[in-house]
Amino acid sequence: MAKKLKVGDVIRDYRITKVFGPGMMAISYGAVSPSGELVFFKQYKSPAPTVVWYNSFVAYQRELSSRVKNGKAARFAVAQLDAFEEIWGGPCYFQAFEFVKNGDDLQKIFDVEADEHRKSKVAPTQNSAVWSRHVTWAKVLMAGIEALHQSNIAHADLKPANIYLIRDPTIKAGYQLKLIDMDFSLLTDHRAPWHGHQGYIGSDNYRSPEHLTRRQVPDARSDIFTCGLILSELLTGRHPYWSDDQGEYAKMALGDQAKPLPLVGTMPLPAQNSSVSLAIHRCLSSDPTLRPTASELRAVLSGSDSNRERSEISMDPSPTASDRRKRREPITADLLQLQNAEGGSLRIGVRTELTRSLMQQLGPEAQFWDTKQCILDRNSQGQWVLTPQERTVNETLLNGAAVTGPVVLSDGDSIAVGRAAKGVLKMPLLVRGG
């Protein structure tokens, strides 16, 4: 039976300098490598060499390490430096990773900010410098997740504690990001060796619906769900599903109970608050097919999607325009559903003018709709189309952008009213077919 290492022990010329403590699957240490550099060292409790999927796990780790090293993820993911099997009281598997330092993980930063808030009575995100950092971290995070997904890797256990930020004034973003604790990350094109033998780990208050549902397998879209939670913490100042009761958390996450939340600061132009708020809300859909990609989130956060959306949204809704916008298939179902955040819905099967009086059944924010705001109808191809009315008090918004002409609707779109330039968004309604 393998035994725990202690400070001063040497194995394969790695000298243990610190014991960080046992985790669910491994014991973590600080160690000095044979070359004299400080490394993060792991001794695995599970899988043990006697486990049927142990050899597959070792091969899986080798492939994961190779993808990180040889892809764009190398900039953002902590690198595996060594891996070997050795006897230490019994056969055991070990890994050595680069040791990240000169920074802090995002959870520790959140904790420090919360402590400062308690002392000053000023919310961290009400401080312009803090807000600016949060916006930067949000962008850097999504750059890292995009790189990971381009290498066909899903982190599968994202949480603030696994996001390490290092200040670096030599690069434009000002911060390096390192994603840590990736030894049980997933190759999205290869089934994990532990599938069917144990569950997919995740962490309390950050598990995706796929983590929470039997027979579902987390993938890159599961990372996006968790990114939605973290982006919400960074930019809206709150975690929409936080609970000490994980049964209650699961109920909220699986039940689409989050509402679109206003941002606590103003996004730097050309990004739009309304677009960012809606994108974060889309991340939290219990249906993974309705979530944006990491690339789409990066574009929304930077505002690089704004001009494209505004120009294309006013064009005739031909298939070419839909292709350029890279949208989902147009809705051609007989019925169209508009759903609010509280679960109320309006079903439409014929040409319908959306008016203030009609929308009152979906909530008090109907007061912001005009007496004649917009029209929903089907075109000659059977596709549902949104057409704004002229000279309304508030703009008709589709996915946070002002609509200036007819546009074909897709499943997962969001219709609202407000002012896109000011980030004002009222009564967002999720569009679904059927």
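Proximity of a side-chain donor or acceptor of Ser277 to a complementary backbone N or O of Leu261 within less than 3.5 Å is detected. Under the 3.5 Å distance criterion, the side-chain polar atoms of Ser222 are matched with a main-chain donor or acceptor of Asp219. Side-chain atoms of Asp223 do not come within 3.5 Å of backbone N or O of Ala294 as any donor-acceptor pair.
Under the side chain to side chain contact (heavy atoms under 4.5 Å, CB included) test applied with Ile153, the options Ile145, Leu64, Thr188 reduce to a single match, Leu64. Of the listed residues (Lys42, Lys18, Gln43), just one forms a side chain to side chain donor-acceptor pair (under 3.5 Å) with Tyr29, and that residue is Gln43. The ring pair (Phe, Tyr, Trp, His ring centres under 6.0 Å) test with Tyr206 singles out one residue from His211, His239, His155, and that residue is His239. When Ser203, Pro218, Ser185 are each tested for a side chain to side chain contact (heavy atoms under 4.5 Å, CB included) with Asp157, only one passes: Ser203.
Between Lys259 and Glu365 there is no salt bridge, since no side-chain nitrogen of the basic residue lies less than 4.0 Å from a carboxylate oxygen of the acidic one. Contact check on Arg378 versus Asp334 returns a salt bridge, with a Lys/Arg side-chain nitrogen under 4.0 Å from an Asp/Glu carboxylate oxygen.
When the side chain to side chain donor-acceptor pair (under 3.5 Å) test is applied to Gln246, the partners found at least two apart in sequence or on another chain are Asn205.
Taking 4.5 Å as the limit, every side-chain heavy atom of Gln80 sits out of range of all side-chain heavy atoms of Asp183. At a threshold of 4.5 Å between non-hydrogen side-chain atoms, the residues Leu398 and Leu409 count as touching. Here the side chains of Asn55 and Phe57 are not in contact, with every heavy-atom distance at 4.5 Å or above. Contact check for Ile163 versus Ile230: side-chain heavy atoms found under the 4.5 Å cut-off.
Pairs passing the side chain to side chain donor-acceptor pair (under 3.5 Å) check and including a residue from residues 366-377, sequence neighbours excluded, read Gln373-Thr396. The salt bridge (Lys or Arg N to Asp or Glu O under 4.0 Å) contacts involving residues 65-75 comprise Glu63-Arg67, Arg67-Asp189, where partners must be two or more places apart or lie in separate chains.
From Met427, atom CE reaches atom CG of Leu429 across 6.0 Å, with rounding to the nearest 0.5 Å. To the nearest 0.5 Å, atoms OG1 (Thr136) and OH (Tyr175) are separated by 7.5 Å.
Judged purely by distance below 3.5 Å, without hydrogens or angles, the side chains of Ser295 and Glu146 pair a donor atom with an acceptor atom.
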Q. How far apart are the C-alpha atoms of Phe41 and Phe20, what are their side-chain angles, what is the distance that settles it, and do they pass the ring pair (Phe, Tyr, Trp, His ring centres under 6.0 Å) test?
A. CA-CA 10 Å; Phe41 199 69; Phe20 290 113; over 10 Å; no
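For Tyr60 and Trp53, the gap between ring centers reaches or exceeds 6.0 Å. Outside the 6.0 Å centre-distance limit, the rings of Phe94 and Tyr44 are not counted as a close aromatic pair. For an aromatic pair to be called close, the ring centres must be under 6.0 Å apart, and Trp137 with His134 satisfies this.
By the 30° and 60° cut-offs, the orientation of the rings of Phe97 relative to Phe40 is tilted. A perpendicular orientation is assigned to the rings of Tyr93 and Tyr54, their planes being inclined by more than 60° (bins at 30° and 60°).
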